[in-house]
Amino acid sequence: MTEHTRRRALLAGGAGVAALATGGFWLAGRGGADPGAAAVWHEPAALPDTAPVAVPAQPGPPGVERARTLTAANAGDLIKITTSGWYSWALMNRGTGEIVGAKNLHETNMTASMIKAWLAADYLRRATEAGRTPSAARFAEITKLIRDSDNGVATLLWNELGGRNTITRLISICKLTDSEAGPDWSKTKLSARDTCRIAHAIGTGAAAGPTWTDYLIGEMRAVRGTGDFGIRRAFPAAEQSRIAIKNGWVWRPAPYGFYNVNCLALGDDWTMAVLTRYSSGGEAHGRAIGQSVATQLRTLSDLL
């Protein structure tokens with residue numbers, strides 16, 4: 001039995017009954033087709049280039065979690081972050097479509113590199129619709145875009161996809177309610193709940209299309225180096241390789257004068273987003289917020 005299975009077994013006991021009674025945000029079980037199965041060509045690279053963060057197999061003592069079960073009504077009060085800046089988060093149950101989150105889960109933030117997952121998806125879907133198979137060179141560029149967050153490839157695709165027109169398609173295909181295009185890909189404005197919707201659309205195949213969805217998810221699972229932080233690091237090492245991510249991080253000098261550090265994550269049963277904006281503390285501050293939100297959510301929802 002894996003650490004993940006043991007944790008679920010503990011949570012599904014008497015504590016699970018209390019969760020059902022209080023309308024907790026969790027799934028009673030798993031099953032069915034795996035919407036994010038790893039593509040056969042996914043390289044089994046060591047995750048990550050930096051030392052993994054130690055996390056418990058089950059956060060907190062058994063039973064305590066269910067006393068503070070996450071619900072739509074209380075979600076915004078349960079996650080505690082110390083920061084002088086702005087942050088928002090959201091969690092989607094992919095089975096029901098329910099989204100819970102911070103009280104400001106509808107407020108938007110500039111995406112930075114997080115939007116690159118959509119740029120790849122939009123390109124791949126449109127290539128299939130046009131009857132084209134991307135070249136080996138283009139697949140190599142997408143690998144750089146997703147795994148290594150290459151800005152040059154992002155700008156190339158942004159221009160090729162019609163600039164702001166790609167965000168118009170994003171809003172329509174992913175059924176977004178809060179978000180809007182900016183003057184370039186990095187300044188696209190997304191809310192936390194819309195970010196969850198994008199991750200879900202990638203997982204279902206709506207974003208990249210049926211031909212290349214497994215490929216894109218495989219690339220997102222293989223994010224490495226400085227781009228591997230935040231949500232995924234809140235999980236035990238054995239689980240991290242199953243979580244597809246795309247993060248964004250940038251210091252925006254004058255006239256802005258703030259950091260954007262954002263996290264998108266796609267799990268088998270859930271999606272999660274953590275967005276931040278602040279003026280001091282370096283990129284490490286935003287990375288820590290993303291991991292802390294996910295760590296706290298693991299104690300509140302059996303989805304995770």
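Heavy atoms only: backbone and side chains are in, while hydrogens, waters and symmetry mates are out.
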Can any side-chain N or O of [X] pair as donor or acceptor with the backbone N or O of [Y] at less than 3.5 Å?
X: S301; Y: L297; value: no
X: N104; Y: E107; value: no
X: T71; Y: N74; value: yes

Which heavy atom of [X] sits nearest to which heavy atom of [Y], and what is that distance?
X: G101; Y: A75; answer: O-CB, 3.7 Å
X: A273; Y: A192; answer: CB-O, 3.4 Å
X: F139; Y: P134; answer: CE1-O, 3.4 Å
X: A112; Y: N262; answer: N-ND2, 4.4 Å
X: V100; Y: A72; answer: CG1-CA, 3.7 Å
X: D228; Y: R232; answer: OD1-NH2, 3.1 Å

Rounded to the nearest 0.5 Å, how far does [atom2] of [Y] lie from [atom1] of [X]?
X: L264; Y: T195; atom1: CG; atom2: OG1; result: 6.5 Å
X: E219; Y: D148; atom1: CD; atom2: CG; result: 9.5 Å
X: I171; Y: D194; atom1: CD1; atom2: CG; result: 8.0 Å
X: L91; Y: I79; atom1: CG; atom2: CD1; result: 9.0 Å
X: W270; Y: I99; atom1: CH2; atom2: CD1; result: 14.0 Å
X: L300; Y: L78; atom1: CG; atom2: CG; result: 5.5 Å

Polar contact flag, side-chain donor to acceptor under 3.5 angstrom, [X]-[Y]:
X: R94; Y: T204; result: no
X: H285; Y: T83; result: yes
X: S292; Y: K80; result: no
X: T108; Y: D178; result: no

Would you check if [X] and [Y] make a side-chain contact, meaning some heavy-atom pair closer than 4.5 Å?
X: S113; Y: W185; result: yes
X: W89; Y: C263; result: no
X: N260; Y: R277; result: yes
X: T166; Y: R126; result: no
X: T276; Y: N109; result: no
X: W158; Y: L119; result: yes
X: R125; Y: R169; result: yes
X: R221; Y: L266; result: no

Between K116 and D150, is a salt bridge (charged side-chain N to carboxylate O under 4.0 Å, His left out) present by the stated rule, with each step listed? CA-CA 9 Å; K116 291 171 182 174; D150 187 279; over 6 Å; no
Steps toward side chain to side chain contact (heavy atoms under 4.5 Å, CB included) verdict (T188, R164): CA-CA 9 Å; T188 303; R164 293 167 62 95; over 6 Å; no
Holding to salt bridge (charged side-chain N to carboxylate O under 4.0 Å, His left out), I want the full list of residues that pass it with E141, two or more places apart in sequence or in another chain. R138
For W86 together with F258, are the ring centres under 6.0 Å from each other? no
Report yes if the distance between the aromatic ring centroids of W212 and Y123 is under 6.0 Å, otherwise no. no
Shared ILVMFWY cluster between [X] and [Y], side chains joined below 4.5 angstrom?
X: I167; Y: V153; result: yes
X: M114; Y: V250; result: no
X: L156; Y: L145; result: no

Give a yes or no on this: more than 12 heavy atoms of other residues, nucleotides or ligands lie within 6.0 Å of atom NZ of K187. yes
So if I apply the side-chain contact (heavy atoms from CB on, under 4.5 Å) rule between Y87 and each of L275, V261, I81, which one comes out positive? I81
